[in-house]
Amino acid sequence: MATKGSNSIHRSSSRPLLDLSKAEIQGNVEEKYPTILLPNQSDDLSHLALDIGGSLIKLVYFSRHEGQSTNDKRMKILKDKLGILNGNRRSYPILGGRLHFVKFETNKINECLEFIYSKKLHCGGWESHHSDSTNDQNAVIKCIHFVTKATGGGAYKFADLFKERLGISLDKEDEMDCLVAGANFLLKAIRHEAYTHMEGQKEFIQIDPNDLFPYLLVNIGSGVSMIKVDGDGKFERVSGTNVGGGTYWGLGRLLTNWFVKINSSFDELLELSQKGDNRTTDMLVGDIYGTDYPKIGLSASTIASSFGKATLENKELEEYRPEDISLSLLRMISYNIGQISYLNALRFGLKRIFFGGFFIRGHAYTMDAISFAVHFWSKGTAQAMFLRHEGFLGALGAFMSYEKHGLDDLMVHQFVERFPMGAPYTGGKIHGPPLRNLNEKASLENMCTEITAPVPMTPPGTTGLGGFEVPLSKGSTLRSDASALNVGVLHLIPTLEVFPLLVDPKMYEPNTVDLSDHSELEYWLTILSEHLPDLVDKAVASEGGTDDSKRRGDAFARAFSAHLARLMEEPAAYGKLGLANLLEMREECLREFQFVDAYRSIKQRENEASLAVLHDLLMELDSLDEETRLLTLIEGVLAANIFDWGSRACVDLYHKGTIIEIYRMSRNKMQRPWRVDDFDAFKERMLGSGDKKPLPHRRALLFVDNSGADIVLGMLPLARELLRRGTEVVLVGNSLPALNDVTAMELPDIVAEAAKHCDILRRAAESGGLLVDAMTNTLDGSKEKLPSVPLMVVENGCGSPCIDFRQVSSELAAAAKDADLIILEGMGRSLHTNLYAQFKCDALKLAMVKNQRLAEKLVQGNIYDCVCKYEPAY
Ligand SMILES: Nc1ncnc2c1ncn2[C@@H]1O[C@H](COP(=O)(O)OP(=O)(O)O)[C@@H](O)[C@H]1O
Ligand SMILES: CC(C)(COP(=O)(O)O)[C@@H](O)C(=O)NCCC(=O)O
Ligand SMILES: [Mn+2]
């Protein structure tokens with residue numbers, strides 16, 4: 001829609017502006033939809049890159065995060081206090097968003113064009129701007145003249161098609177350049193991108209970005225390229241082979257097409273191999289020797305000659321089982337590539353070999369075969385590694401060649417990988433009428449496979465001694481639907497930072513519970529599964545219990561159960577799995593089904609009930625001497641941490657009394673020594689001993705946990721004590737809801753309410769910019785403003801009951817710079833994660849253990865035991 005006298009076009013407010021100055025129609029102005037060129041629009045609009053290969057088209061596209069308004073008054077005051085500089089600290093226009101990965105078969109290029117069109121990626125992700133209006137003033141824009149980076153042979157072959165159908169000009173990038181750029185980026189920027197796969201076991205490898213080069217990159221696409229990589233942009237294609245993925249697919253089709261339909265998919269062929277027995281087709285050492293050949297280390301079952309058995313028998317092609325043919329072929333090609341790769345690594349003295357390309361397809365048996373070959377020929381000195389974004393290296397590299405994205409400069413902490421958890425990914429089996437939004441997603445995703453790399457359900461141990469035996473995966477099917485994701489959408493959040501007070505970010509591991517222990521995994525998956533009906537009830541109620549919310553609740557339960565089942569079967573399906581990921585996944589899944597805040601009303605109810613008794617509590621505290629008060633405050637935090645709607649045991653308790661009754665009961669049961677009890681050390685740091693009065697802390701970061709009593713009767717009184725002692729306090733809340741945790745958004749209102757009962761809180765909140773607009777009546781009626789240290793609120797960057805200190809909001813990172821005390825509260829933040837984390841400042845970890853198994857495991861204690869762990873600055 002053109003506004004009068006200007007040539008601006010309609011745009012949605014959350015999106016950056018198009019620079020339309022000097023816009024001109026390109027080509028014939030008589031055309032119905034002439035292309036309009038925007039010479040002054042910087043090319044950071046480009047959201048799409050393509051790798052058009054012989055078999056598959058890979059597409060990487062970027063969608064921006066919705067813009068967030070950070071201009072409110074509170075933020076301004078906060079920024080002043082925390083010394084956050086205004087303006088962009090980066091010199092290039094990188095914005096938050098998501099990187100999506102999609103692939104199509106090259107011979108179905110129309111589907112790809114339709115996808116690009118439907119997502120409006122040919123217009124840089126903007127709405128289509130053409131209107132039906134015949135009004136000349138409304139410049140009819142079919143599409144902005146758009147240049148897209150593309151690599152692979154198809155960038156040449158299909159250039160005209162893209163131009164004609166979508167008005168896109170393909171800007172060609174060299175394929176090898178792109179492969180290397182993509183691989184380097186992934187290996188440096190994505191945590192646990194690489195993994196080994198041996199005998200069915202997957203193990204993620206953390207690569208040190210400073211110790212990455214040199215390595216051999218083997219890209220197994222239709223054909224195979226072997227590239228020696230010495231640095232960014234420094235590489236040489238040292239070898240390759242024409243026996244690659246295209247060979248397997250093509251030859252496999254030819255040899256089995258009497259059996260399977262002509263247009264059989266790659267997956268169908270691969271699936272056949274899982275039921276194959278290669279002894280019927282391959283000539284084995286045993287066929288020649290009648291036994292093993294131990295002198296050169298060959299067992300009777302080792303393949304002596306792929307397909308050699310056919311020479312010994314007079315059988316027609318149709319007499320061989322297609323399953324056996326597929327397996328023989330897969331092994332022949334995988335071994336061959338593994339062997340050539342190792343020889344090239346040997347030739348150049350390279351220790352690491354990374355395999356990419358879609359031939360691998362996250363297929364356990366293929367990886368095992370390649371790994372076996374590398375291991376066998378190197379006599380165990382070399383190991384094959386695989387990349388999770390296997391086939392997307394070229395497309396990613398092309399995407400990164402847009403200089404203005406500045407992607408190459410991004411760091412691992414700025415990416416969060418999320419796995420779409422919604423209905424379409426569980427096969428779209430939703431009962432009842434389709435769901436809003438999700439429905440749209442389903443229809444789009446059905447056309448393509450967003451983030452592919454399906455995972456076979458092959459049980460471990462597919463290999464035998466001395467060679468590969470028959471795969472054990474009889475009857476299993478490949479996950480060909482999009483739920484088979486092996487890589488998630490990469491969320492690019494440039495504002496995320498490593499928490500600056502971590503002693504050693506490289507060694508930091510947030511999770512305390514190791515889910516690679518199968519019984520541990522089983523336990524926690526069961527806990528989450530059992531909790532599901534209750535969670536769904538709460539979620540549906542939070543949306544008013546409407547029919548729509550019931551349907552979404554049902555779909556959520558199905559989707560999440562399916563993910564749990566998948567993880568049970570394949571714990572590494574979504575990358576390295578920790579308890580924190582599992583709990584976060586649940587929240588993400590809720591959000592995908594549009595449950596914004598499942599515990600909304602419970603939180604509100606508990607806040608109100610607790611605020612009603614806050615005044616009495618503060619009076620009681622003020623009547624105590626300093627030492628008793630500090631102890632009572634810590635006891636209060638631990639006692640109030642019982643309000644945790646994520647714990648089965650606690651939820652059962654809540655039926656037994658009112659919030660206040662339970663809070664009192666919990667406080668009465670507090671008995672020192674706690675299971676972990678460093679209170680005396682903490683007290684000494686706070687109050688000193690004898691005549692020695694220590695300096696108060698300068699700034700404390702309080703990582704708050706639950707709503708209601710936990711924040712109101714536990715953490716706020718503790719904050720007040722710190723403020724009273726002259727310590728600045730920053731309340732650190734979640735950016736997004738998770739269970740009944742209090743969010744950063746909710747904190748200012750809670751503080752404002754609490755401040756009505758307390759001058760210390762009020763003055764500090766005013767000073768910290770929390771009460772800017774609130775009506776503040778002083779308790780004693782006087783209006784004079786006494787100076788006070790500020791009480792502030794920042795968000796942590798998370799939407800989970802746990803916290804990963806490798807990725808926190810820039811706000812929190814800035815607040816941390818002056819902090820000399822951090823207090824982590826709750827089971828999620830200080831037990832499930834961070835119990836063993838070391839900080840450069842004093843740290844107090846406070847939690848009630850609300851799970852029997854965890855109590856036994858972590859503190860050799862029992863449910864409802866308390867942890868008060870104090871660690872002076874490391
Ligand atoms: N769904 C699929 N359709 C076709 N080929 C697939 C599929 N999944 C995996 N492959 C394998 O991946 C190969 C293509 O890998 P890719 O890395 O995309 O190379 P290219 O760029 O040459 O297309 C195919 O030859 C085939 O072996
Ligand atoms: C999700 C939680 C970590 C939240 O605890 P919090 O951080 O609020 O103390 C916890 O409720 C939990 O681990 N629940 C699952 C275990 C159970 O139901 O026993
Ligand atoms: Mn919590």
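For ligands, and for the atoms within them, numbers begin at 1 and follow the listed sequence. None of these values were measured; they are calculated from a predicted model.
Taking atom 18 (O) of ligand 1 as the reference point, the nearest protein heavy-atom neighbour is K58 NZ, 2.7 Å. Among protein heavy atoms, the minimum distance from atom 14 (C) of ligand 1 is reached at S55 CB, 3.6 Å. For atom 12 (C) of ligand 2, the nearest non-hydrogen atom of the protein is M827 CE, 3.5 Å. In terms of protein heavy atoms, atom 1 (N) of ligand 1 is closest to K103 NZ, 3.4 Å. Here the heavy atom of the protein found nearest to atom 7 (O) of ligand 2 is G828 N, 2.7 Å. Taking atom 22 (O) of ligand 1 as the reference point, the nearest protein heavy-atom neighbour is S222 OG, 2.6 Å. If you check which protein heavy atom lies closest to atom 6 (P) of ligand 2, you get D705 OD2, 3.0 Å. With respect to atom 2 (C) of ligand 2, the closest heavy atom belonging to the protein is D644 OD2, 4.0 Å.
Contact annotation for N740 and ligand 2: no heavy atom of the residue comes within less than 4.0 Å of the ligand. At a heavy-atom cutoff of 4.0 Å, ligand 2 is contacted by no atom of M848, backbone or side chain. At a 4.0 Å heavy-atom cut-off, ligand 2 touches L739 through the side chain alone. Contacts between E390 and ligand 1 below 4.0 angstrom, taking non-hydrogen atoms only, are absent altogether. When non-hydrogen atoms are compared, ligand 2 lies under 4.0 Å from the side chain of W524 (C-beta onward) but not from its backbone.
Set against the non-hydrogen atoms of G53, the atoms of ligand 1 under 4.0 Å away are 20 (P), 21 (O), 23 (O). The N851 neighbourhood of ligand 2 comprises atoms 16 (C), 17 (C), 19 (O), with distances under 4.0 Å to a heavy atom of that residue. Shown in contact with G357 at under 4.0 Å from a heavy atom are these atoms of ligand 1, numbered in order with element: 17 (O).
For E825 and K845, the salt-bridge test fails: no basic side-chain N is under 4.0 Å from an acidic carboxylate O. Ion pairing of K108 with E111 is absent here, as no side-chain N (NZ or NE/NH1/NH2) approaches a carboxylate O to less than 4.0 Å. Salt-bridge formation is not detected for the pair R648/D534: no Lys NZ or Arg NE/NH1/NH2 atom is positioned less than 4.0 Å from an Asp or Glu carboxylate oxygen. A salt bridge links D741 with R829: at least one charged nitrogen is closer than 4.0 Å to a carboxylate oxygen.
One option in F266, Y248, F358 has a heavy atom closer to atom 17 (O) of ligand 1 than any other, and that option is F358.
S735 and E795 share a donor-acceptor pair across their side chains, judged by distance under 3.5 Å alone. Inspection of the R586 and H563 side chains reveals no N or O donor paired with an N or O acceptor under 3.5 Å. In summary, the side chains of K603 and N706 do not present any donor paired with an acceptor at a separation below 3.5 Å, with no hydrogens or angles considered. Between W674 and E635, the side chains place no donor N or O within less than 3.5 Å of an acceptor N or O (distance only, hydrogens not considered). In summary, the side chains of S666 and Y864 do not present any donor paired with an acceptor at a separation below 3.5 Å, with no hydrogens or angles considered. At a cut-off of 3.5 Å, with distance as the only test, a side-chain donor of N862 or Q852 sits close to an acceptor on the other residue.
Between G221 and ligand 1, a contact under 3.5 Å exists for no N or O pair. Considering backbone and side-chain N/O atoms, G246 comes within less than 3.5 Å of an N/O atom of ligand 1. Considering both main-chain and side-chain atoms, L56 comes within under 3.5 Å of ligand 1 through a nitrogen or oxygen pair.
Taking 2.8 Å as the criterion, D710 does not count as a coordinating residue of the Mn ion (ligand 3), since none of its N, O or S atoms falls below it. Using a cut-off of 2.8 Å, one finds that M827 contributes no N/O/S atom close to the Mn ion (ligand 3). The Mn ion (ligand 3) has an N, O or S atom of D741 under 2.8 Å away, backbone or side chain.
Looking only at side-chain heavy atoms (C-beta outward), N641 and L846 stay at 4.5 Å or farther from each other. At least one side-chain heavy atom of V218 sits less than 4.5 Å from a side-chain heavy atom of I337.
Residue-ligand proximity: G54 is placed with a non-hydrogen atom under 4.0 Å from ligand 1. Residue contacts with ligand 1: W249 is included, with a non-hydrogen atom under 4.0 Å away.
F392 and F358 have their aromatic ring centers within a separation under 6.0 angstrom.
Distance alone, capped at 3.5 Å, places no donor-acceptor pair between the R667 side chain and the A639 backbone.
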